[in-house]
Amino acid sequence: MYSVKLGEEFKKHGIAIGDRISITDSKGTNEGMLMPRPDVGESDIIIIKRDDGYNIGIKYSKSTKIKKVSGKPAAAPDKKPSAKQQKGLPKVTLLYTGGTIGSRLDYVSGGVKALTKAEELLAEVPELSGIVELDVKQIMSVFSEDMTHAEWKKIAEEVAEAVNNGSKGVIITHGTDTMHYTASALSFMLHNLNVPVVLTGAQRSSDRGSSDAFMNLICAAYAAGHSDIAEVVICMHADSSDNECVLIRGTKARKMHTSRRDAFKAVNNSAIAYVSRKGEIKYMSAYKKHEDVKEKTVAKSSFEPKVELLYLHPNSSPDVLDFLVSKGYKGVILAGTGLGHMSINTKHSEYNWKDSLKKAIDSGMVIGMTSQCLYGRVNPRVYSTARELADLGIIYCEDMLPETAYVKLGFLLANNREEAEKLLAKNIAGEITARTEADWTSDI
Ligand code: GLU
């Protein structure tokens, strides 16, 4: 609720929630749709949704001028599908999990409303009914920053069920923030996978002119229904144009930009393919292909939650590791500096990790080293620091992304404890390449 003072001000100007208003203060003028006030926060801050889709808060004071620009837009009608499902197309399951994709602004409440029914989705993107025969299932509705291994398990099991029931491919609509973690988790969890599993999302919701939701979905449908890929991939805008999407291996993908539509990049790996919005698939590098076998897809979905990912920096304190040991943590992935370094020779004992690392390894903790540089490969054979770290028992994870190594270690500790040390730095789902392939400067 807005404050009584603001309520009166709105009343004076005939302003209601959902109206377009302009607010002028000493910093300038802002225009947008008046949003409902959340229960938390200061009741004197006016929230508006700007045309670029972002909500901003403006502190109200006596000198603030508020004006009604126009009334609220008519409620968006629930659209009916405008295109008929074509017959004979590949059957694809779409698992809806939440996030910006698959939602649109409700002009009455000012909130973002989830699209859950297949018809609603088809109505938003009528082209889909001419690409695949979609079976849409909402399995959850969460922002991806709220996902845990419990959601990964659910998604993995739903994918296995869909595939075993005859789907030729699976699309997973997902929030983008942690999409690469889920993509990694599915890459490790799904065994005997013989179809494309395509995660897609949107950086901008479907009510915005520049939304990437539609093209990403169209390309994902082509990838899921018409490619012979038998891996987990992320499908998002390839560049700033609206021409094509890139398919990135699930274990090699990373969100590299907070807001650009081409935020996802393949790191230390070439893209698997580019998919145009007309359905042309341009394969770029080797991938696991569909084979004519009838093995069931199995979801090995257990995950050890007592694993942490630590980002090392000057002044990092080994107290963090001591704490994790005291709490019974079983694994840690370090995002070290450069080729895989951290402070073990500093004369400032409170920042020297050597003793804590020894104790952690003696307690049975598995510790892996990756690099916060992201691009390139860690190497324990160049500097004496890394040699010492490797001698302590820290496992150097080649060119694996820190997030992927984190997910892999949680997976191994839950499913393959005896072999976790041995498998951490061995490729099992495309997470490690024998030779770093990509020319990174052209990839970012
Ligand atoms: N942060 C939310 C998420 O990752 C919404 C943004 C998005 O979908 O990209 O689910």
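For ligands, and for the atoms within them, numbers begin at 1 and follow the listed sequence.
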At less than 4.0 angstrom from any non-hydrogen atom of A202, what atoms of ligand 1 do you find? 7 (C), 8 (O), 9 (O)
In the protein, which heavy atom is nearest to atom 7 (C) of ligand 1, and how far is it? T100 OG1, 3.1 Å
Is there any N or O on V142 that sits under 3.5 Å from an N or O of ligand 1? no
Minimum-distance protein heavy atom relative to atom 10 (O) of ligand 1: S144 N, 2.7 Å
Provide the number and element of each atom of ligand 1 under 4.0 Å from a heavy atom of D177. 1 (N), 4 (O)
Distance-only donor-acceptor pairs under 3.5 Å for side chains of residues 321-341, two or more places apart:
unit_1 : atom_1 : unit_2 : atom_2 : d
D322   : OD1    : S356   : OG     : 2.8
S326   : OG     : F323   : O      : 2.6
T337   : OG1    : H341   : O      : 3.3

Interatomic distance, N416 atom CG to K408 atom NZ [nearest 0.5 angstrom]: 10.5 Å
Compute the minimum heavy-atom distance from G98 to ligand 1 and say whether it is under 4.0 Å. no
Aromatic rings Y181 and Y406: how do their planes relate, parallel, tilted or perpendicular, breaks at 30° and 60°? perpendicular
Pairwise distance CG(D212) to OG1(T100) - rounded to 0.5 angstrom: 8.5 Å
Considering only non-hydrogen protein atoms, determine which one is nearest to atom 9 (O) of ligand 1 and report residue, atom name and distance to 0.1 Å. T176 OG1, 2.5 Å
Under 4.0 Å between a Lys/Arg side-chain N and an Asp/Glu carboxylate O for D239 and R261? no
Atoms of ligand 1, numbered as shown, that sit under 4.0 Å from any heavy atom of G99: 8 (O), 10 (O)
Less than 3.5 Å between some nitrogen or oxygen of E145 and one of ligand 1, yes or no? yes
Quick one: list whatever passes salt bridge (charged side-chain N to carboxylate O under 4.0 Å, His left out) with K282, sequence neighbours left out. E244
Between F303 and F411 (judged by ring centroids, cut-off 6.0 Å), do the two rings come close enough to count as a pair? no
